[in-house]
Amino acid sequence: MHLFVTALFTSFIVTVGLKGLHLFNFIKWHPVSFLKKLEWFEWTAFERWVILFLMIAIVAFLLLVVTQLLVMVPPFLLSLILGIVMASLLEWKILNLPIELSSLKKFSIPFFIVILIAMRLIVETARYRTKTLFR
C-alpha cells in the first residue's frame with residue numbers, strides 16, 4: 001500500500017512540475033501532446049493530464065519495485081544516474097534530437113531537476129522500505 005501511495009504522490013509532483021514548466025515556457029514541448037496522435041478519442045485538457053498522471057504513476061510504481069532490489073548501490077548515486085539517464089532519453093525522444101554533443105545544449109535543465117527530484121523520492125522510499133521490511 002505504501003508503494004502505491006508513494007507512486008501516486010510522485011506522479012502528482014511530476015505532473016504539477018511539468019504543468020509549471022510548460023506554463024512558464026521552461027520546456028519547448030507540451031507534456032500531453034502525445035495524446036493528439038490518438039485521433040479516435042476526443043480528449044479534454046483535464047483528461048489528458050489525468051492520463052499523463054496515471055502513466056507516470058505506473059512508471060513510478062515499477063521503478064519503486066525495481067529499485068528495492070538494488071540494495072548494494074548507494075541511493076544518491078542510483079537516483080542521480082537513473083534520473084539523468086531517464087531525463088536525457090525522454091528529451092531526446094520528445095525533441096527528436098540527433099545523437100551528438102551539440103544536442104546537449106537543447107536540453108531543459110528544469111526538466112532534469114523535476115525528474116531528479118522524482119527519482120530521489122522513489123529511490124529513497126524504496127531504500128527505506130527495504131531496510132524496514134528486511135530487518
Side-chain angles (χ1 to χ4, degrees):
M1 181 67 181
H2 294 101
L3 292 178
F4 184 68
V5 171
T6 303
L8 287 177
F9 182 71
T10 303
S11 180
F12 177 74
I13 295 289
V14 172
T15 305
V16 169
L18 287 175
K19 180 66 176 171
L21 291 177
H22 177 68
L23 183 67
F24 295 113
N25 295 325
F26 285 120
I27 52 177
K28 295 178 174 71
W29 44 273
H30 198 283
V32 293
S33 64
F34 66 94
L35 290 173
K36 291 180 182 175
K37 296 176 184 174
L38 302 175
E39 296 175 359
W40 58 86
F41 292 114
E42 291 288 327
W43 303 105
T44 64
F46 180 74
E47 290 170 342
R48 288 184 194 149
W49 285 101
V50 168
I51 290 172
L52 180 67
F53 172 80
L54 293 174
M55 290 174 62
I56 293 171
I58 291 169
V59 170
F61 182 78
L62 293 174
L63 281 171
L64 275 164
V65 171
V66 169
T67 54
Q68 279 186 342
L69 303 173
L70 302 172
V71 179
M72 301 305 280
V73 183
F76 175 74
L77 185 64
L78 182 64
S79 65
L80 189 66
I81 291 171
L82 282 176
I84 289 174
V85 168
M86 278 183 77
S88 49
L89 287 177
L90 283 171
E91 286 261 57
W92 253 313
K93 181 69 176 157
I94 291 169
L95 297 176
N96 291 325
L97 296 174
I99 300 178
E100 53 190 35
L101 241 48
S102 63
S103 298
L104 294 175
K105 294 178 184 176
K106 297 180 182 176
F107 284 166
S108 171
I109 301 299
F111 176 70
F112 270 75
I113 299 302
V114 168
I115 298 298
L116 285 173
I117 289 170
M119 289 307 300
R120 183 72 178 185
L121 175 66
I122 288 171
V123 172
E124 286 291 338
T125 303
R127 182 59 47 96
Y128 174 76
R129 277 204 31 94
T130 303
K131 284 186 178 183
T132 59
L133 193 63
F134 299 115
R135 268 195 222 177

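- Of all heavy-atom pairs spanning L3 and Q68, the tightest one is CD2-NE2, 3.7 Å.
- Note that CZ of F12 is 8.0 Å distant from CZ of F53, once rounded to the nearest 0.5 Å.
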Step by step, work out the side-chain contact (heavy atoms from CB on, under 4.5 Å) result for S79 and E124.
CA-CA 8 Å; S79 65; E124 286 291 338; over 6 Å; no

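- Under the 4.5 Å side-chain contact rule for hydrophobic residues, L90 and V66 do not share a cluster.
- Of all heavy-atom pairs spanning W92 and L97, the tightest one is CD1-CB, 3.2 Å.
- What you find for T125 and L121 is that their closest heavy atoms are OG1-O, 2.7 Å.
- Separation of atoms OH (Y128) and NE2 (H2) is listed at 8.5 Å; rounding is to 0.5 Å.
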Would R120 and F76 satisfy side-chain contact (heavy atoms from CB on, under 4.5 Å), going step by step from the backbone distance to the final call?
CA-CA 7 Å; R120 183 72 178 185; F76 175 74; 2.9 Å; yes

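- Atom CE of M119 is separated from atom OG1 of T67 by 7.0 Å, given to the nearest 0.5 angstrom.
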With side-chain contact (heavy atoms from CB on, under 4.5 Å) as the test, would you mind laying out the steps for L18 and F111 before giving the verdict?
CA-CA 8 Å; L18 287 175; F111 176 70; 3.7 Å; yes

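- Note on F4 and I122: separate hydrophobic clusters, where clusters join Ile, Leu, Val, Met, Phe, Trp and Tyr whose side-chain heavy atoms are under 4.5 Å apart, directly or indirectly.
- Linking Ile, Leu, Val, Met, Phe, Trp and Tyr residues whenever their side-chain heavy atoms come within less than 4.5 Å places L23 and V32 in a single cluster.
- Annotation: the span from I56 atom CD1 to T15 atom OG1 amounts to 4.0 Å, rounded to 0.5 Å.
- Interatomic distance, CZ of R48 versus CG of L52, reported as 11.5 Å (0.5 Å rounding).
- Linking ILVMFWY residues whenever their side-chain heavy atoms come closer than 4.5 Å, directly or via other members, leaves L21 and I13 in distinct clusters.
- V14 and A118 get closest at one heavy-atom pair: CG2-CB, 3.4 Å.
- Through direct or indirect side-chain contacts shorter than 4.5 Å among Ile, Leu, Val, Met, Phe, Trp and Tyr, L62 is connected to I58.
- The two residues L64 and A7 have their closest heavy-atom pair at CD1-N, 3.9 Å.
- The distance from atom CZ of F61 to atom OG of S11, rounded to the nearest 0.5 Å, is 13.5 Å.
- Residue F9 qualifies as open at atom CZ: its count of foreign heavy atoms under 6.0 Å is 12 or below.
- The hydrophobic clustering, which links ILVMFWY residues whose side-chain heavy atoms are closer than 4.5 Å, places L104 and L95 together.
- The neighbour count for H30 NE2, taken as heavy atoms of other residues, nucleotides or ligands under 6.0 Å away, is above 12.
- Of all non-hydrogen atoms in R127 and L70, the two that sit nearest each other are NH2-O, 2.7 Å.
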Walk me through whether M86 and L63 qualify under side-chain contact (heavy atoms from CB on, under 4.5 Å).
CA-CA 11 Å; M86 278 183 77; L63 281 171; 3.8 Å; yes

